[in-house]
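Below: one structure, written as structure tokens.
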There are 2 protein chains.
Amino acid sequence: MKKTKDETTEEQILEAAKSVFQSKGMDGARMQEIADKANINKAMLHYYYRNKELLFEAVFKQAFSLLAPQLNTILNDDSSVEDKIRHFTLNYTTFMMKHPYLPNFIIQELNRNENFILKLKQNTGFPNLEKFKAKVKDEINQGIIKPIDADQLFFNILALNIFPFLGKPLIKAFSDKDEKSYKEFVESRKTEVANFIINSIKCK
Amino acid sequence: MKKTKDETTEEQILEAAKSVFQSKGMDGARMQEIADKANINKAMLHYYYRNKELLFEAVFKQAFSLLAPQLNTILNDDSSVEDKIRHFTLNYTTFMMKHPYLPNFIIQELNRNENFILKLKQNTGFPNLEKFKAKVKDEINQGIIKPIDADQLFFNILALNIFPFLGKPLIKAFSDKDEKSYKEFVESRKTEVANFIINSIKCK
DNA sequence: ATAAGGTTTAACCAAATGGTTAACAAATGT
DNA sequence: ACATTTGTTAACCATTTGGTTAAACCTTAT
């Protein structure tokens with residue numbers, strides 16, 4: 001009974017699981033809710049993914065695999081550090097505005113299960129900072145940017161870009177923004193963040 | 001039967017609850033585990049806190065109340081913007097190195113329960129950005145710092161300081177740091193982050 | 001047509017979980 | 001001394017939850 005229809009059952013499950021796991025986390029998610037959302041019997045979840053843990057892993061891996069290409073725009077292309085920062089900030093923020101649950105989901109589950117990231121690290125395509133580090137050192141030597149530890153710089157970039165999504169409730173509460181002005185705030189960061197970073201590191 | 005001993009039962013419970021909730025979250029925490037850790041009968045949890053939700057709220061409020069004073073070092077003192085940033089970065093990082101679960105716990109639970117923060121906001125002492133915003137505008141007019149939206153600046157400061165704790169697994173994996181070099185990395189941020197920000201905004 | 005294989009369902013199960021109860025013990029006020 | 005309140009425990013309970021089973025249902029190859 002192959003489904004040539006729009007979606008195979010296995011995909012329906014993964015889709016539903018994604019939605020439930022990403023908004024409630026591993027511990028908060030219920031298999032029944034996933035089954036309901038996928039419009040199938042609960043037993044099907046086990047038929048296709050054996051158990052909750054494996055279903056979760058499938059969702060998590062797919063989520064993480066969306067993050068990696070984003071990071072490669074900054075890590076593995078050949079442009080200048082300034083261009084890397086501008087491209088990444090624009091790309092990342094644009095992308096995450098479409099997938100707002102993603103950053104929190106990944107951070108939360110990575111913190112919940114310490115050795116989860118070890119599995120990921122064995123995958124090919126796991127982000128590697130070496131090329132970025134070399135480029136930073138290079139531009140420092142050339143006098144294009146001021147001396148800074150490349151790790152510190154990289155995680156500053158990451159921090160400034162990810163935080164608006166992780167800290168959404170904090171941002172809304174502290175600065176009295178409603179949903180609309182929160183979105184404007186994030187939107188304006190597509191360029192503001194890059195300017196902020198480049199201002200800090202660029203030699204004049 | 002008042003306990004004049006080292007710790008009252010109620011405090012033991014809160015202590016144990018703090019430890020379990022902060023490392024596993026509301027959904028992942030088990031009442032039995034809390035009881036075991038507090039060395040008391042599970043019924044005592046309900047005797048003192050009625051149910052899981054209320055016990056959790058007690059823990060969460062206490063956790064959040066540790067964060068607020070940190071923020072007031074940047075929001076409500078009278079020093080220059082530069083000094084605010086240097087003090088906050090030093091204080092916050094020092095404090096969180098002693099309470100590494102706190103940032104993730106707060107962020108995670110705030111994202112889990114949207115209207116949780118509304119309750120907090122009614123409390124007196126809830127962080128207010130007005131004074132900080134005024135000071136930033138003032139220094140911009142005086143030509144001490146470059147033009148920047150005060151909200152953007154504030155959340156940049158927050159992002160750069162909180163991220164090392166939220167993203168610990170990411171940092172360790174991406175930059176191949178063990179526990180020791182991760183701690184050195186965070187330690188060095190006590191001054192690096194402030195320099196990074198001030199570099200970006202200060203007029204030369 | 002029908003046997004064989006994968007796919008789907010309803011009903012079921014054991015364990016875990018938050019919460020309750022009733023009896024007991026320790027303080028405290030009178 | 002003793003009655004009353006407060007603190008504590010073991011046993012219990014109802015529900016939820018992840019997971020299983022056995023039968024039914026399609027689809028396809030022969």
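Chain A is the first sequence line, chain B the second, and so forth, proteins listed ahead of strands; every chain is numbered from 1.
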Problem - Donor-acceptor pair present, A:Lys52 side chain and D:dG19 base, under 3.5 Å - result: no
Practice task
Could you state the atom-to-atom distance from CD of A:Gln32 to C1' of C:dA10 in whole Å?
Solution key: 12 Å
Exercise for the section: Please state how far atom CD in B:Glu53 lies from atom C1' in C:dG19, giving the value in whole angstrom units. Expected result: 14 Å
Handout entry: Residue pairs, two or more places apart or on separate chains, that pass side-chain hydrogen bond (donor to acceptor under 3.5 Å, both in side chains) and touch residues 36-56 of chain A
Key = A:Ser19-A:Lys37, A:Gln32-A:Asp36
Exercise for the section: Verify whether the ring centers belonging to B:Phe60 and B:Phe116 lie closer than 6.0 Å. Expected result: yes
Exercise for the section: Can you figure out which of C:dG18, D:dT9, C:dT7 approaches the side chain of A:Tyr47 most closely? Expected result: C:dT7
Exercise for the section: Write down the distance between CG (A:Asp27) and C1' (D:dT16), rounded to a whole number of angstrom. Expected result: 15 Å
Exercise for the section: With the side chain counted from C-beta on, respond yes when B:Asp77 and B:Lys84 share a heavy-atom pair under 4.5 Å apart, and no when they do not. Expected result: yes
Problem - Distance, rounded to the nearest Å, where B:Asn41 contributes CG and C:dG18 contributes P - result: 14 Å
Exercise for the section: Could you check whether B:Ala35 gets within reach of a base, just the sugar-phosphate, or nothing at all, counting any heavy atom under 4.0 Å? Expected result: nothing
Problem - Distance in angstrom units between A:Asp36 CG and D:dG18 P, rounded - result: 12 Å
Fill in the blank from the handout: Among the nucleotides C:dT17, D:dG19, D:dT8, whichever has the atom closest to the side chain of B:Arg30 is C:dT17
Practice task
May I ask you to say what B:Met31 touches in the nucleic acid, namely base, sugar-phosphate or nothing, with a heavy-atom cut-off under 4.0 Å?
Solution key: sugar-phosphate
Handout entry: Of the listed nucleotides D:dT8, C:dT21, C:dT9, the one nearest the side chain of A:Met44
Key = C:dT9
Fill in the blank from the handout: Rounded to whole Å, CZ of A:Phe56 lies from P of D:dG19 at a distance of 14 Å
Exercise for the section: Measure the distance from CG on B:Asn51 to P on D:dA14 and round it to the nearest whole Å. Expected result: 20 Å
Problem - Test item: B:Asn104 and A:Ile107 side chains (from C-beta on) under 4.5 Å apart, heavy atoms - result: yes
Practice task
May I ask you to decide whether A:Lys180 forms a salt bridge with A:Glu184, counting only side-chain N to carboxylate O separations under 4.0 Å?
Solution key: yes
Fill in the blank from the handout: Considering only heavy side-chain atoms of A:His46, the closest of C:dT9, D:dG18, C:dG18 is D:dG18
Fill in the blank from the handout: Side-chain atoms of B:Lys42 come closest, of C:dG18, D:dG7, D:dG19, to C:dG18
Handout entry: C:dT8 OP1/OP2 closer than 4.0 Å to side-chain N/O of A:Thr9
Key = yes
Fill in the blank from the handout: In whole angstroms, the gap separating C1' of C:dG19 from OH of B:Tyr48 amounts to 18 Å
Exercise for the section: Look at all strands and tell whether A:Tyr49 reaches a base, only sugar-phosphate, or nothing, counting heavy atoms closer than 4.0 Å. Expected result: nothing
